[in-house]
**Q** 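Take this structure first; my questions come after.
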Amino acid sequence: MKDDQNEIYWGNWMEFLLSCIGYAVGYSNVLRFPYICYKHGGGAFLIPYFVSVLLVGVPTLHMELALGQYMRMGPGTLWKHVCPVLKGLGIAMIVSCILNVVYFHIVLAWSLFYFYASFFPQLPWASCNNTWNTHECYVTGDVFGNVSGKAASVEFLDLETLRIDEGGALYYDLVPHLVITLLIAWTITYCAMCMGIESSGKVVYFTATAPYVMLFSLLIRAVTLPGATQGIIQFLVPDFSKLGTLDPWADALGQVLSAIGIGFGAIITLGSYNRRDNKCGRDSAYICTITSFTSITAGLVCFAVLGYLSRITGKPIDDLISEEIVIAFIAYPEAIAKLPSPHFWAIAFFFMLLLLGMDSIYGMIETLITTAVRFSKGRWENRKPMVTFFICAGLFTIGLIFTTRSGLFWLIVVDTNNAGPIVLGLTLFEVLAVSFVYGADRLGQNVKDMTGSRPNSYWILTWKYVCPIGAGFNFVVSLAKTEPMEYLGKPVEPWGVGIGILLTLLVLIWIPLGAIYQLYTAEGSLKQVKHLSSYSVVVVRFEGL
């Protein structure tokens with residue numbers, strides 16, 4: 001809604017909070033957290049996880065909300081006022097949002113196809129009587145022991161949904177049903193976002209709350225399954241020996257940042273539509289609490305289902321759990337196929353995945369819309385449907401590469417780099433800009449100007465020291481990791497790894513380029529250039545740029 005000065009604000013606080021929760025709670029919470037928690041010691045992993053939430057997650061979220069609320073800008077223009085030397089950080093965030101939105105939509109397209117398939121008289125991943133099945137197909141639970149061949153759920157994903165070449169060859173003919181579902185996904189996004197927050201603020205009342213109805217329904221059903229208790233025990237029983245290395249601490253911090261959605265600029269954009277006196281510190285605590293609760297609940301559901309699957313197949317859980325794509329499109333469908341009323345649970349699960357993905361995307365789409373509108377200096381303010389249409393149409397066209405038979409390969413390349421060095425690099429430069437250039441004390445004063453209350457020492461100390469150290473540590477560890485990228489169980493060829501590195505550079509290169517341009521064009525010494533941010537803030541507050 002607009003006030004008397006024609007400024008756009010959230011209709012009410014609940015619209016804002018639900019939009020932030022919808023953006024933050026997504027695939028990372030529901031699918032990736034159970035896998036990474038199990039990988040790093042089960043219940044023991046909760047120690048580094050909650051340490052990361054308290055010392056980095058909540059303070060960094062508060063930082064982004066406060067900056068957006070005070071400056072009333074998206075990331076595209078904010079950083080040139082906060083830290084002119086790092087103004088390229090805004091462009092980097094926009095490019096990263098584009099990457100995320102494009103490849104998130106293909107996961108939505110997969111979910112739509114599974115949702116559609118859930119209405120078939122017989123769930124297509126539950127039998128080997130389909131046209132795409134091979135003679136090696138078997139139905140999980142009907143055979144035991146070491147079985148050669150492929151499970152029906154795997155063949156449905158590989159041979160029907162994605163139609164990949166099992167030998168690993170990359171073909172670029174389009175998969176028709178994925179093109180259709182991708183178009184449907186983008187059409188839904190356009191309808192929800194065509195008026196910016198004025199439309200998306202109403203949509204989130206459903207899209208941000210309905211997944212919890214589905215999640216709790218799945219939890220109640222999952223914990224009553226045979227073998228569920230064993231699965232939950234394996235999820236929660238701590239293995240403290242795994243905390244002796246850096247990996248669980250680095251992955252915990254990475255999981256927290258990715259689960260909240262830090263570093264993409266979407267939180268800054270959502271905060272920029274808040275009223276001046278909004279309590280952003282309170283909101284950051286609420287959002288992190290809800291995202292953490294969701295992650296743990298999803299972990300209970302996932303391992304209860306895996307415990308049941310282990311019971312009916314005779315396989316240990318170690319052999320069943322893998323990366324999030326396997327959990328979402330193989331493990332869950334297999335278990336659902338064995339439940340009473342499997343169609344109901346399949347529809348509920350994939351509808352939940354759709355809503356989770358949509359909400360996460362909307363925050364990033366709003367960032368792109370806000371950037372375009374504010375870059376036009378208001379000329380496109382009343383043309384948001386047109387701006388949104390061109391953004392959606394352009395990104396749909398780019399995303400068609402993921403609807404080819406090699407789409408899974410490109411998804412792995414993009415996701416591996418975006419979830420690692422890209423988001424961690426953006427977060428690192430963000431906290432460095434605030435901590436060492438703009439100043440944590442100045443940000444604290446900004447919060448006091450808005451809310452009447454200065455942040456306590458917890459916020460100031462974490463902004464000054466803990467967040468930069470944590471973000472720097474995680475960025476270095478992500479670069480030092482030597483785990484190879486894999487496609488169909490084989491290491492990705494060097495040229496594929498090289499493209500992944502180029503994608504990382506495509507995002508992060510804007511930061512040094514922006515710094516070089518600023519230092520080359522600005523007058524005065526480096527120290528004077530650094531302190532330009534204080535004058536820029538005065539200008540922006542009084543001229544309304």
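No hydrogens, no waters, no symmetry mates; every other heavy atom, side chains included, goes into these values.
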**Q** How long is the straight-line distance from CG of Leu55 back to CG of Leu253, given to the nearest 0.5 Å?
**A**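 The distance works out to 9.5 Å.
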
**Q** Excluding sequence neighbours, so at least two apart, what forms salt bridge (charged side-chain N to carboxylate O under 4.0 Å, His left out) with Arg221?
**A**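 Result, salt bridge (charged side-chain N to carboxylate O under 4.0 Å, His left out) vs Arg221: none returned.
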
**Q** Is Tyr49 close to Ser292 at the side-chain level, that is, under 4.5 Å between some pair of heavy atoms?
**A**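 Heavy-atom side-chain distance check passes, below 4.5 Å.
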
**Q** Mind telling me whether Phe156 and Tyr114 have parallel, tilted or perpendicular rings, with 30° and 60° as the class edges?
**A**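 Aromatic pair Tyr114/Phe156 classed perpendicular.
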
**Q** State, yes or no, whether a side-chain contact exists between His343 and Phe119 at a heavy-atom distance under 4.5 Å.
**A**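 With C-beta onward as the side chain, the pair stays apart.
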
**Q** Ignoring hydrogens and angles, tell me if any N or O in the side chain of Ser360 forms a donor-acceptor pair with the backbone of Leu356 under 3.5 Å.
**A**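 Indeed, once roles are kept as given, a pair shorter than 3.5 Å links the two residues.
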
**Q** If you take all heavy atoms of Cys128 and Ala152, which pair is closest and at what distance?
**A**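 Taking Cys128 first and Ala152 second, the nearest heavy atoms are SG-CB, 4.1 Å.
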
**Q** Please set out all donor-acceptor pairs under 3.5 angstrom arising from side-chain atoms of residues 163-182, sequence neighbours excluded.
**A**
from: Arg163; atom 1: NE; to: Glu160; atom 2: O; distance (Å): 3.4
from: Asp165; atom 1: OD2; to: Gly167; atom 2: N; distance (Å): 3.1
from: Asp165; atom 1: OD2; to: Gly168; atom 2: N; distance (Å): 3.3
from: Asp165; atom 1: OD2; to: Ala169; atom 2: N; distance (Å): 3.1
from: Glu166; atom 1: OE2; to: Lys150; atom 2: NZ; distance (Å): 2.6
from: Tyr172; atom 1: OH; to: Trp410; atom 2: NE1; distance (Å): 3.1
from: His177; atom 1: NE2; to: Glu160; atom 2: O; distance (Å): 3.3
from: His177; atom 1: NE2; to: Thr161; atom 2: O; distance (Å): 2.9
from: Thr181; atom 1: OG1; to: Ala109; atom 2: O; distance (Å): 3.3
from: Thr181; atom 1: OG1; to: His177; atom 2: O; distance (Å): 3.0
from: Thr181; atom 1: OG1; to: Leu178; atom 2: O; distance (Å): 3.2

**Q** Does the side chain of Glu430 reach to within under 4.5 Å of the side chain of Leu86, using non-hydrogen atoms?
**A**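 No, every pair of side-chain atoms sits at 4.5 Å or beyond.
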
**Q** Could you check whether any side-chain heavy atom of Thr189 comes within less than 4.5 Å of a side-chain heavy atom of Val101, counting everything from C-beta outward?
**A**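 Of all side-chain heavy-atom pairs linking Val101 with Thr189, none is under 4.5 Å.
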
**Q** Hey, could you give me the CG/CD1 distance between Leu300 and Ile296, rounded to the nearest 0.5 Å?
**A**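 Here the interatomic distance stands at 8.0 Å.
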
**Q** Should the pair Trp186 and His105 be assigned to parallel (<30°), tilted (30 to 60°) or perpendicular (>60°) ring geometry?
**A**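 Parallel.
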
**Q** Show the nearest heavy-atom pair for residues Ala346 and Ser118, with the distance to one decimal.
**A**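 Closest approach of Ala346 to Ser118: CB-OG, 3.4 Å.
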
**Q** What's the shortest heavy-atom distance between Ser28 and Gln255, and which atoms?
**A**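 Nearest pair, atom of Ser28 first, then Gln255: O-NE2, 3.1 Å.
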
**Q** Could you walk me through whether Glu155 and Thr134 pass the side-chain hydrogen bond (donor to acceptor under 3.5 Å, both in side chains) check?
**A** CA-CA 8 Å; Glu155 289 203 345; Thr134 68; 2.5 Å; yes

**Q** At their closest point, which heavy atom of Gly399 faces which heavy atom of Val102, and how far apart are they?
**A**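 Smallest interatomic distance, heavy atoms only, reads CA-CG1, 3.6 Å.
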
**Q** Do you know which of Ile267, Ile361, Ile260 makes side chain to side chain contact (heavy atoms under 4.5 Å, CB included) with Tyr23?
**A**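 The option that passes is Ile267.
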
**Q** At what distance, to the nearest 0.5 angstrom, does OH of Tyr308 lie from OG1 of Thr229?
**A**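 The OG1 atom of Thr229 is 14.5 Å from OH of Tyr308, to the nearest 0.5 Å.
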
**Q** Decide side-chain hydrogen bond (donor to acceptor under 3.5 Å, both in side chains) for His40 and Asp251; before the verdict, give the C-alpha distance in whole Å, the side-chain angles of both, and the deciding distance to 0.1 Å.
**A** CA-CA 9 Å; His40 291 304; Asp251 282 349; 2.6 Å; yes

**Q** Determine, stepwise, if the pair Ser96 / Asn100 fulfils side chain to side chain contact (heavy atoms under 4.5 Å, CB included).
**A** CA-CA 6 Å; Ser96 181; Asn100 270 275; 3.6 Å; yes

**Q** Side chain of Thr404, backbone of Ile401: donor and acceptor closer than 3.5 Å?
**A**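 Looks like yes, one N/O pair under 3.5 Å.
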
**Q** Below 4.5 Å, heavy atoms only, C-beta onward: do Pro59 and Val466 meet side chain to side chain?
**A**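 A side-chain contact under 4.5 Å is absent here.
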
**Q** Taking the six-membered ring where the residue is Trp, are the ring centres of Phe303 and Phe235 under 6.0 Å apart?
**A**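 Judged by ring-centre distance (under 6.0 Å), Phe303 and Phe235 do meet the cut-off.
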
**Q** So, taking the atom named CG in Leu306 and the one named CD in Glu334, what distance separates them when rounded to the nearest 0.5 Å?
**A**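 CD of Glu334 is found 10.0 Å from CG of Leu306.
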
**Q** Could you go step by step and tell me if Asp247 and Thr245 meet the side-chain hydrogen bond (donor to acceptor under 3.5 Å, both in side chains) rule?
**A** CA-CA 6 Å; Asp247 280 354; Thr245 64; 5.0 Å; no

**Q** For side chain to side chain contact (heavy atoms under 4.5 Å, CB included), just list the numbers for Phe344 and Ser217, CA-CA rounded to whole Å, side-chain angles, deciding distance to a tenth of an Å, and then say yes or no.
**A** CA-CA 11 Å; Phe344 171 80; Ser217 298; 5.9 Å; no

**Q** Take Trp249 and Ser52, measure what side chain to side chain contact (heavy atoms under 4.5 Å, CB included) needs, and give me the verdict at the end.
**A** CA-CA 8 Å; Trp249 297 89; Ser52 299; 5.6 Å; no

**Q** Check whether any side-chain heavy atom of Phe329 lies under 4.5 Å from a side-chain heavy atom of Phe350, and answer yes or no.
**A**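 Counting from C-beta outward, Phe329 and Phe350 do come under 4.5 Å.
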
**Q** CZ of Phe475 to CG of Leu426: how many Å apart, nearest 0.5 Å?
**A**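 It is 9.0 Å, given to the nearest 0.5 Å.
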
**Q** Looking only at heavy atoms, what is the nearest atom pair of Ala266 and Thr367, with distance?
**A**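 Nearest pair, atom of Ala266 first, then Thr367: CA-OG1, 3.1 Å.
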
**Q** Would you please test Ile232 and Leu236 for side chain to side chain contact (heavy atoms under 4.5 Å, CB included) and show each step?
**A** CA-CA 6 Å; Ile232 293 172; Leu236 293 178; 3.8 Å; yes

**Q** State the OG-CD1 distance between Ser153 and Ile330, to the nearest 0.5 angstrom.
**A**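 Going from OG on Ser153 over to CD1 on Ile330, the span is 5.5 Å.
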
**Q** Does any part of the side chain of Thr462, heavy atoms only, come nearer than 4.5 Å to the side chain of Val56, both counted from C-beta?
**A**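 Result no, sub-4.5 Å side-chain heavy-atom pair not found.
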
**Q** If you look only at distance, which donor and acceptor atoms sit under 3.5 Å apart when one is on a side chain in residues 495-516 and the other is two or more places apart or in another chain?
**A**
from: Thr504; atom 1: OG1; to: Asn417; atom 2: OD1; distance (Å): 3.3
from: Thr504; atom 1: OG1; to: Gly500; atom 2: O; distance (Å): 3.2
from: Trp510; atom 1: NE1; to: Leu506; atom 2: O; distance (Å): 3.0

**Q** Is there side-chain contact between Glu64 and Thr269, with heavy atoms separated by less than 4.5 Å?
**A**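 Not touching, per the 4.5 Å side-chain cut-off.
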
**Q** Look at the aromatic rings of Phe120 and Tyr116 and report parallel, tilted or perpendicular, splitting at 30° and 60°.
**A**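 Rings of Phe120 and Tyr116: perpendicular, over 60°.
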
**Q** Run the side-chain hydrogen bond (donor to acceptor under 3.5 Å, both in side chains) check on Tyr212 and Thr294 step by step: do they pass?
**A** CA-CA 8 Å; Tyr212 285 96; Thr294 306; 2.7 Å; yes

**Q** Which pair of non-hydrogen atoms, one from Pro248 and one from Leu243, has the smallest distance, and what is that distance?
**A**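 Closest approach of Pro248 to Leu243, heavy atoms only: CG-CA, 4.0 Å.
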
